[in-house]
Amino acid sequence: MDDQAVDSPLHHHLKTLRAELPRLADLLKLEAGPELASWCKIVDLRLLTRFDPRFPLVAAICGGGSAGKSTLFNSLVDGRFAPTGGRAGMNRRVLFSVPERMAEQTRLIASLLEPFAANPEPLKNPEDLLRPGGPLFLKTRPGGFDLVLMDTPDFDTGAGGQYANRPSAQGALEAADLLIYVFTNSNYNNRDNTDFIARMLTGIGRRKCFLVYRCYPSFTSDEVTEHAMTVARNIYGADAARYVLGIFRADEDNQIAAGERFIALRPVLPPDRSFAETLNGLDVQRLRRELHAATLSDVLRDARATLARARSSLEDLRGYAAGLRELQNGCLQEALRYFPMDRLMRRFAKIWATSDPPAVRLMRRTGSLIEFPLKAVIGAAGWAREKFSGEPPPEKFSESFARKLEENLVSSVTTLHQQLLSPVVSWSAARRAFAADGDRKPSVGSASRPVNAHPVAGPAQDRLRHKDFHSMLQAVLVHQAEIGDIGGDMERELRGLVDHFRSRMGWWDRVGQTFWAFLNVLPAAAAVTYVLSTGDPVGGTAIKVKLAGLFGLKDLYALVAIPVTRGMKKADQKQLQAMLGPIAQTWFRHKLKKVERLFEQEVSGELLQTVDQAGAEAERAICTAEEAIASAAEGVVP
Ligand SMILES: Nc1nc2c(ncn2[C@@H]2O[C@H](COP(=O)(O)OP(=O)(O)O)[C@@H](O)[C@H]2O)c(=O)[nH]1
Ligand SMILES: [Mg+2]
């Protein structure tokens with residue numbers, strides 16, 4: 001090969017594009033199958049391998065069954081290589097002739113063969129052409145035409161409604177720089193044939209043709225021209241004349257059928273130049289350049305279209321990924337809907353008390369510090385029966401919390417699992433299901449619209465579908481006690497919070513006293529609480545604690561239902577909120593993370609990862625392809 005041509009930037013960009021587009025289609029599972037495969041072949045065959053100026057023209061002889069293609073091939077290469085006659089469709093493979101001068105260049109031959117995914121195999125026995133298989137080649141004699149000639153199987157013969165030879169005929173047509181279309185009086189107006197050729201020829205880089213009419217000797221030149229132009233118009237449309245390199249006639253002759261003579265092509269248009277003269281007179285370089293430019297611009301057009309589809313698919317994928325996150329966050333939120341504020345407060349109060357200076361501890365015991373403003377309110381509400389910290393939590397609360405946690409874990413895992421397997425993921429539907437299930441109020445706030453599962457997720461969904469749901473659920477539930485517990489890590493953080501509060505308020509001032517009062521009263525009062533996504537707390541009977549920023553859940557609040565708030569002063573409410581906020585935050589930060597890890601490990605992780613990874617890779621491939629298209633487009637010479 002011409003190394004300079006192959007090292008050209010255009011060649012490089014095309015190669016990049018050729019690699020990235022199929023990768024993208026595969027990554028995003030674009031339904032681009034046959035078109036993209038054909039695009040790739042065209043890039044390989046008619047661009048990448050044709051950067052060498054020494055590469056000869058490639059002409060494909062094609063036409064309907066028994067039109068005389070093989071006979072013409074033999075005539076042009078001057079030998080009896082291709083079997084002729086017999087039943088239509090009998091030639092199953094492509095046979096091509098290679099001019100002597102390039103026969104030693106196995107790389108050129110190999111590149112010709114690339115679209116057939118076959119190794120170069122010389123023709124040994126004409127019988128081999130009657131069996132399906134890859135193309136075969138032969139060397140032409142010195143002095144023959146300087147072009148690669150292909151004899152193609154009939155594309156119009158079929159078995160059982162299938163055109164058996166079309167794939168191999170298509171390979172040859174895709175590889176061709178020009179076409180020699182052979183037709184007879186009986187099939188010249190057959191739209192089926194010309195439509196197939198038209199699709200092959202005009203899709204990308206419209207190629208020119210020679211028309212060969214096997215007709216009766218009695219036909220006049222005008223008749224021949226008229227029929228030939230009908231064929232040309234059927235293939236190329238209105239401006240067909242631009243694409244016809246020449247019209248030739250091959251008069252019916254029984255000596256040909258008898259194998260006694262070769263076909264003699266007679267010029268019809270232009271009327272006075274033989275086929276050999278016409279062929280040799282072609283400005284190959286110019287034809288190649290024009291074809292190259294046209295092909296390149298079509299190839300880039302199609303690449304842009306594929307890329308646009310990839311972009312929109314990536315957008316869908318992102319939407320799906322966001323939908324999955326929203327769903328999972330929602331399920332996490334539902335799983336942790338109730339939390340043991342009472343226990344949390346009790347622990348916090350204990351830590352607070354143990355960090356009291358000795359003098360304060362003494363005063364507490366004597367009762368002189370218990371002059372808190374809530375006393376009356378709480379007393380009136382009948383809530384302060386319980387003694388101060390140190391009492392075990394009421395059994396019914398911790399029991400009911402454990403039961404609720406389990407229920408919520410089960411319904412969250414179930415819903416998450418169902419939605420992950422669904423062709424449409426919808427947090428709003430899942431949310432309604434949660435609300436309908438049991439005694440719950442629906443979580444408020446807006447949910448995004450349902451999104452379709454992206455095909456990228458298919459295999460991961462299948463694997464999830466085949467996993468045993470019950471064991472997945474059990475794998476989550478074995479951690480239930482841990483989830484409901486205040487672990488060592490959280491304990492440390494609560495200690496940190498105590499220090500923080502102490503540093504912000506002197507424990508001697510009134511704020512400090514109020515704070516202490518809250519600590520003692522709340523564990524008894526703040527029993528089971530709700531978490532809502534947004535919204536108004538239930539009148540004045542609950543303290544609303546903002547939890548925003550946790551796992552992307554915007555406007556998330558913990559509602560701590562405390563009856564005493566009804567009669568509480570504004571300032572005290574504020575104080576209470578300032579204390580409860582960080583404590584509840586600590587709980588949720590730990591628990592959301594823990595349960596999220598658990599859900600991902602047991603249920604959702606693979607799917608989420610697949611989707612994220614495909615998205616990131618597709619993004620990179622799209623960027624690379626975009627750059628390659630832009631750079632290659634600069635190489636499109638008008
Ligand atoms: N009478 C006559 N028969 C021809 C002519 N050209 C080809 N044939 C015959 O038509 C039949 C089909 O030809 P073939 O080259 O095998 O057609 P293919 O299927 O298009 O390859 C064979 O029997 C040929 O001998 C011709 O000019 N005159
Ligand atoms: Mg044939």
Side-chain angles (χ1 to χ4, degrees), residues 59-97 116 123 125-138 148-159 163-173 175-176 179-190 192-194 196-197 200 209-219 221 223-224 227-228 231 235 247-268 274-275:
I61 302 177
C62 59
S66 297
K69 299 179 292 295
S70 299
T71 310
L72 181 62
F73 178 88
N74 286 341
S75 304
L76 292 176
V77 299
D78 196 18
R80 305 213 178 270
F81 302 107
T84 57
R87 63 196 164 75
M90 109 196 141
N91 283 13
R92 304 300 307 272
R93 337 165 57 151
V94 171
L95 173 64
F96 64 99
S97 70
F116 300 97
L123 174 77
N125 183 352
E127 300 288 302
D128 293 342
L129 290 164
L130 307 181
R131 283 188 300 275
L136 301 171
F137 76 93
L138 57 89
V148 171
L149 207 59
M150 291 192 176
D151 180 23
T152 63
D154 308 331
F155 49 72
D156 65 345
T157 42
Y163 292 113
N165 289 327
R166 283 209 172 174
S168 76
Q170 182 171 342
L173 291 173
L179 210 71
I180 301 174
Y181 186 70
V182 187
F183 56 98
T184 62
N185 185 244
S186 61
N187 75 3
Y188 82 91
N189 213 356
N190 179 330
D192 244 18
N193 285 359
T194 45
F196 174 71
I197 295 285
M200 292 299 111
C209 79
F210 286 107
L211 296 173
V212 173
Y213 192 6
R214 185 179 135 196
C215 60
Y216 300 108
S218 59
F219 279 19
S221 289
E223 280 170 312
V224 170
H227 292 180
V231 169
I235 295 176
I247 300 172
F248 295 86
R249 61 190 292 167
D251 291 347
E252 287 286 353
D253 181 345
N254 287 337
Q255 278 182 291
I256 295 173
E260 292 161 12
R261 291 182 57 172
F262 282 130
I263 288 180
L265 294 178
R266 287 202 292 136
V268 177
S274 73
F275 185 68

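We count ligands from 1, going down the list as the structure has it; atoms in each ligand are counted the same way.
Heavy-atom contacts of Asn254 reach the following atoms of ligand 1: 1 (N) (cutoff under 4.0 Å). In summary, the atoms of ligand 1 found under 4.0 Å from a heavy atom of Glu252, numbered by their order in the structure, are 1 (N), 2 (C), 3 (N), 26 (C), 27 (O), 28 (N). Using a 4.0 Å cut-off to heavy atoms of Asp251, the atoms of ligand 1 that qualify are 27 (O).
Nearest-heavy-atom check against atom 3 (N) of ligand 1 across Gln255, Arg261, Arg214 picks out Arg214. Relative to atom 16 (O) of ligand 1, the option among Ala67, Gly85, Ser70, Ala250 with the closest non-hydrogen atom is Gly85. Looking at Pro217, Gly68, Gly65, it is Gly68 that brings a heavy atom closest to atom 17 (O) of ligand 1.
Considering backbone and side-chain atoms together, Pro83 places no N or O closer than 3.5 Å to any N or O of ligand 1. Below 3.5 Å of separation, one finds no N or O of Asp151 facing any N or O of ligand 1. Polar contact with ligand 1: present for Asp253 (N/O pair, distance under 3.5 Å).
With hydrogens and angles disregarded, no donor-acceptor distance shorter than 3.5 Å links the side chain of Asn74 to the backbone of Thr71. At least one donor-acceptor pair closer than 3.5 Å links the side chain of Arg249 to the backbone N or O of Tyr216. Although no hydrogens or angles enter the test, the distance criterion places a donor-acceptor pair under 3.5 Å between the side chain of Thr152 and the main chain of Ile61. Judged by distance alone, with hydrogens and angles left aside, the side-chain atoms of Arg93 form a donor-acceptor pair with the main-chain N or O of Asp128 at under 3.5 Å.
By the criterion of a heavy-atom distance under 4.0 Å, the side chain of Asp154, and not its backbone, is placed next to ligand 1.
Under the 6.0 Å cut-off for aromatic ring centres, Phe183 and Tyr213 qualify, their centroids lying closer than that.
Rounded to the nearest 0.5 angstrom, Arg92 CZ and Leu130 CG are separated by 9.5 Å. Note that CZ of Arg214 and NZ of Lys69 are 10.0 Å apart. Values are rounded to the nearest 0.5 Å. Distance CZ/Phe96 to CG/Leu136: 8.5 Å, rounded to 0.5 Å.
Among the backbone and side-chain atoms of Ser70, an N/O/S atom is found under 2.8 Å from the Mg ion (ligand 2).
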